J.: 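My structure is below; once you've seen it, I'll send some questions.
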Amino acid sequence: MKILVVGGGGREHAIIMKLAESKQVDALFCAPGNGGIAKYAKCFPVKATDIEGIVALAKKLAVDLVFVAPDDPLVMGMTDALQAEGFMTFGPKKNAAILEGSKVFSKELMQKYHIPTAEYMVFQEPEKAQAYLRKKNQYPTVIKADGLALGKGVVIAQNEEEAFAAISSIMEDRIFGESGSQIVIEEFLTGPEVSVLCFTDGKTVKPMISSMDHKRALDGDNGLNTGGMGTVAPNPYYTAEVAQECMDTIFSPTIRAMQTENRPFQGCLYFGLMLTPNGPKVIEYNCRFGDPETQVVLPLLKTDLVQIIMAIWNGTLDQLSIEWKDGCAACVVMASGGYPKKYDTNLPISGLDENGQIDGCFVYHAGTKLENDRFFTSGGRVLGVTATADTLQQALDTTYAGVKEIFFEKAHYRTDIGQRALKA
Ligand code: AMP
Ligand code: GLY
């Protein structure tokens, strides 16, 4: 098979490395890819959001499958456009990707089908949102832009001033554009967070190994929210008992609800969960693999990923048994100093071998480029240094030993990835 992967971050690097293990794969392509991916797949400078460009590239390369990894092309309908041209795809169609594309849609779905989530209200007018908050006067409270916002559309307001500022910047200044035409205001939940990525063909749902993200920029969960500064898998809070409860009250009901609504979801559905004192609740749905969750989940997958993709395409996921390795994985993201705000790029990276790897670790490249056989930084999140081992402590030790070998100017990483999991 010839496969084109759409995207160009650490997640896509991990997907490509896993696809490369399959005996069914003859050639791998990526658009736009990055410096590390270029060592494993031929990369083409087509943007992940350029639907026409990707369809044209898929035709030119005569690929057998297009794997659409990021949220924005999925929400925009890239899968539909590719399928209309006869391509086999991995990733939900537009009418199912809306589960991530609109928080209002997802909240209304959960309410209609009694799927546990935070209590909420929807507002189209800032004045009404302010009046509601004034009356309620309960903090912290959570304010979310309806649409995609580069992972920055959620504000946890500690008081009225912060809440009103968030409403104003989302709805009036439109800092996230049309995504801010509506907002969700919801109850603040507490408890450990768990990411559960699930394979689903629209009827059957098969959870992958659970993971834990570390979203804040600084140690101790301080600083700004980021795309994710590190992950570990499995998540120790996600016991077999919790997993069963999630399957019964969240995963199966969601898949059935989407089927009932004539929006069958095929691909990877990511459940962002909070294990609250009143049971597991949905924080968010993502219509795709998580980043950097994928970097710790896929290395633990034993079953051929291409076989799983085919079963999803054919609607026969119920007949496939998916197997996982024992053990743990850890990923530490090395970011550009200043991320998630302003940062420099084009800084040379040293410590990597000619394939962009390092002894004992897989290094997934997120924001790198390759020039004259040297790697340079090109984004906020630069590298995801990852290791698997029998225990989480061992995986973390190997990962951090790897991190110490790598250098670029102003590199920033958290030193406490996995600490909360170790104390669970
Ligand atoms: P998201 O961008 O939807 O992943 O949200 C970012 C982060 O905000 C989540 O990982 C949670 O830590 C937090 N969050 C979102 N919704 C809530 C909520 N209702 N209660 C508490 N924290 C939340
Ligand atoms: N790591 C969170 C996400 O992929 O949305």
Side-chain angles (χ1 to χ4, degrees), residues 7 9-12 14-15 69-72 74-75 97 99-107 110 116-121 138-158 162-163 166 170 176 179 183-198 208 210-217 221-233 235 237 268-278 280-298 331-333 335 340 364 366 380-381 384 414 417 420:
R11 163 183 59 203
E12 287 75 11
I15 290 167
D71 47 6
D72 14 2
L74 290 166
V75 170
L99 215 40
E100 175 168 4
S102 168
K103 299 236 191 279
V104 174
F105 173 88
S106 71
K107 294 299 286 192
M110 287 185 270
T117 188
E119 295 290 329
Y120 75 101
M121 295 284 283
Q138 200 180 66
Y139 293 93
T141 194
V142 184
I143 297 170
K144 302 186 171 183
D146 176 45
L148 293 183
L150 300 164
K152 294 175 191 156
V154 175
V155 175
I156 304 198
Q158 302 295 340
E162 285 179 23
I170 295 172
F176 306 121
S179 291
I183 57 167
V184 170
I185 297 187
E186 69 179 31
E187 166 200 13
F188 177 75
L189 301 175
T190 55
E193 277 186 61
V194 185
S195 304
V196 184
L197 317 184
C198 293
M208 304 183 212
S210 62
S211 54
M212 183 192 287
D213 195 3
H214 297 67
K215 285 211 166 92
R216 301 298 196 95
D221 292 325
N222 290 307
L224 295 171
N225 247 327
T226 71
M229 292 299 294
T231 37
V232 297
N235 185 319
Y237 292 100
C268 170
L269 181 51
Y270 166 138
F271 294 85
L273 306 172
M274 198 166 271
L275 308 181
T276 77
N278 301 318
K281 295 193 179 182
V282 177
I283 293 263
E284 61 164 349
Y285 292 117
N286 292 326
C287 65
R288 46 155 181 100
F289 277 89
D291 188 341
E293 283 88 346
T294 308
Q295 290 88 315
V296 286
V297 171
L298 286 187
C331 172
V332 173
V333 170
Y364 295 120
R381 291 189 290 178
R414 278 181 59 164
I417 299 301
R420 208 136 77 84

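By convention here, the first residue in the shown sequence is residue 1. Because the structure is a prediction, the values reported are computed rather than measured. Read the numbers this way: they start at 1 and go in the same order the structure lists the ligands and their atoms.
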J.: Looking only at heavy atoms, which two atoms of E293 and S211 are closest? And how far apart?
T.: CG-OG, 3.3 Å
J.: I need the minimum non-hydrogen distance between A14 and Y364, along with the two atoms involved.
T.: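 So the minimum-distance heavy-atom pair works out to CA-CE2, 3.5 Å.
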J.: Identify, with sequence neighbours excluded, every residue that meets ring pair (Phe, Tyr, Trp, His ring centres under 6.0 Å) alongside Y270.
T.: none
J.: Under the rule for side-chain contact (heavy atoms from CB on, under 4.5 Å), what residues qualify as partners of A69, not counting sequence neighbours?
T.: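 side-chain contact (heavy atoms from CB on, under 4.5 Å) list for A69, sorted by chain: R11, E12, I15, F67.
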J.: If you take all heavy atoms of K103 and A145, which pair is closest and at what distance?
T.: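 Here K103 and A145 meet closest at CG-O, 3.5 Å.
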J.: Do the side chain of S179 and the main chain of L148 share a donor and acceptor less than 3.5 angstrom apart?
T.: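 Indeed, once roles are kept as given, a pair shorter than 3.5 Å links the two residues.
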J.: Give me the pairs of N or O atoms, one from ligand 1 and one from the protein, that sit under 3.5 Å apart.
T.:
residue, atom, partner, partner atom, Å
ligand 1, 3 (O), E284, OE1, 3.0
ligand 1, 4 (O), K215, NZ, 3.3
ligand 1, 4 (O), E284, OE1, 3.2
ligand 1, 4 (O), E284, OE2, 2.7
ligand 1, 10 (O), E193, OE1, 2.8
ligand 1, 10 (O), K215, NZ, 3.0
ligand 1, 12 (O), E193, OE1, 3.4
ligand 1, 12 (O), E193, OE2, 2.4
ligand 1, 16 (N), K144, NZ, 3.1
ligand 1, 19 (N), E186, OE2, 2.7
ligand 1, 19 (N), E187, O, 2.9
ligand 1, 20 (N), L189, N, 2.8

J.: Side-chain contact, heavy-atom cut-off 4.5 Å: T141 with E162?
T.: no
J.: What does the N/O contact table under 3.5 Å look like for ligand 2?
T.:
residue, atom, partner, partner atom, Å
ligand 2, 1 (N), D213, OD2, 2.8
ligand 2, 1 (N), G227, O, 3.2
ligand 2, 1 (N), D291, O, 2.9
ligand 2, 1 (N), E293, OE1, 2.8
ligand 2, 1 (N), E293, OE2, 3.3
ligand 2, 4 (O), R288, NH1, 3.0
ligand 2, 4 (O), D291, N, 2.9
ligand 2, 5 (O), N286, ND2, 3.3
ligand 2, 5 (O), R288, NH2, 2.9

J.: Please answer whether the main-chain N or O of E100 pairs with a side-chain N or O of R288 as donor and acceptor at a distance below 3.5 Å.
T.: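 Side chain of R288 to backbone of E100: no pair is present.
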J.: At their closest point, which heavy atom of P340 faces which heavy atom of N225, and how far apart are they?
T.: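 Looking at all heavy atoms of both residues, the shortest contact is CG-O, 3.6 Å.
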